[in-house]
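Below is one structure, written out as structure tokens, with a few remarks after it.
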Amino acid sequence: MNSIAFIFTRAPHGTSAGREGLDAVLATSALSENLALFFIGDGVLQLTAGQQPEKILARNYIATFGVLPLYEVEQCYICADSLAERGLTAEDPRVLPVEVLSAEALRQRLDQFDRIVTF
């Protein structure tokens, strides 16, 4: 079975990319055991705890990231450089446990996957 990496590159709530990516991860988790999520660029904002999308009349799908371990999706990585560029730190609260990696380490980890899907 192919290993699949999902890359989240967009901020939540401005587009449907994050919600569609999460739906794709949930659907794929039923078919493959070797999945990983990567959060880079504005995608690091997908996991920020305490978001209130209902105030802008958006659907709150962010909490669903927190159930991914129940689907045995446990490989989750976030880019330290992207966090720093947005004034965030590795210690900030998130809705999903992630491993913080430098951009170079993240690229090396990403190279280990057969398929890459970007949202």
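Atoms considered below: every heavy atom in the structure, side chains included; atoms not considered: hydrogens, waters and symmetry mates. Computed from a predicted model, the values in this text were never measured in an experiment.
- Residues that satisfy the side-chain hydrogen bond (donor to acceptor under 3.5 Å, both in side chains) test with Q51, not counting sequence neighbours, are H13.
- One finds the CG atom of L22 at 8.0 Å from the CD1 atom of I62 (value rounded to the nearest 0.5 Å).
- Here N60 contributes atom CG and R19 contributes atom CZ; the two are 11.5 Å apart, rounded to the nearest 0.5 Å.
- In this structure, the side chain to side chain contact (heavy atoms under 4.5 Å, CB included) partners of R10, at least two apart in sequence or on a different chain, are T15, A17.
- Clustering ILVMFWY residues whenever any of their side-chain heavy atoms sit less than 4.5 angstrom apart, transitively, puts F65 in the very cluster that holds L88.
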Show me the side-chain donor-acceptor pairs of residues 92-104 shorter than 3.5 Å, one per line, residues at least two apart or across chains.
from: D92; atom 1: OD1; to: T89; atom 2: OG1; distance (Å): 3.0
from: D92; atom 1: OD2; to: T89; atom 2: N; distance (Å): 2.8
from: R94; atom 1: NH1; to: A90; atom 2: O; distance (Å): 3.2
from: R94; atom 1: NH1; to: D92; atom 2: O; distance (Å): 3.1
from: R94; atom 1: NH2; to: T89; atom 2: O; distance (Å): 2.8
from: S102; atom 1: OG; to: A105; atom 2: N; distance (Å): 3.2
from: E104; atom 1: OE1; to: R107; atom 2: NH2; distance (Å): 3.3
from: E104; atom 1: OE2; to: Q108; atom 2: NE2; distance (Å): 3.3

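- Following chains of ILVMFWY side-chain contacts shorter than 4.5 Å, one can reach L35 starting from L68, so the two form part of one hydrophobic cluster.
- Hydrophobic clustering (side-chain heavy atoms under 4.5 Å, transitive across Ile, Leu, Val, Met, Phe, Trp, Tyr) groups L47 together with L45.
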For residues 110-119, which side-chain N or O atoms pair as donor and acceptor with protein atoms under 3.5 Å away, sequence neighbours left out?
from: D114; atom 1: OD2; to: S3; atom 2: N; distance (Å): 3.0
from: D114; atom 1: OD2; to: S3; atom 2: OG; distance (Å): 3.3

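- Results of the side chain to side chain contact (heavy atoms under 4.5 Å, CB included) test with I4 over T28, V25, L31, L37 single out T28 as the only residue that passes.
- Each ring-ring contact (aromatic ring centres under 6.0 Å, His included) pair with one or both residues in residues 68-110, not counting sequence neighbours, appears once here: F38-Y77.
- Here side-chain hydrogen bond (donor to acceptor under 3.5 Å, both in side chains) pairs that include residues 34-50, with residues two or more places apart or in two chains, are N34-Q75, D42-R86, Q46-Y61.
- Residue-environment remark: CD (E54) exceeds the threshold of 12 foreign heavy atoms within 6.0 Å.
- Note: L106 CG to F39 CZ = 11.0 Å, rounded to the nearest 0.5 Å.
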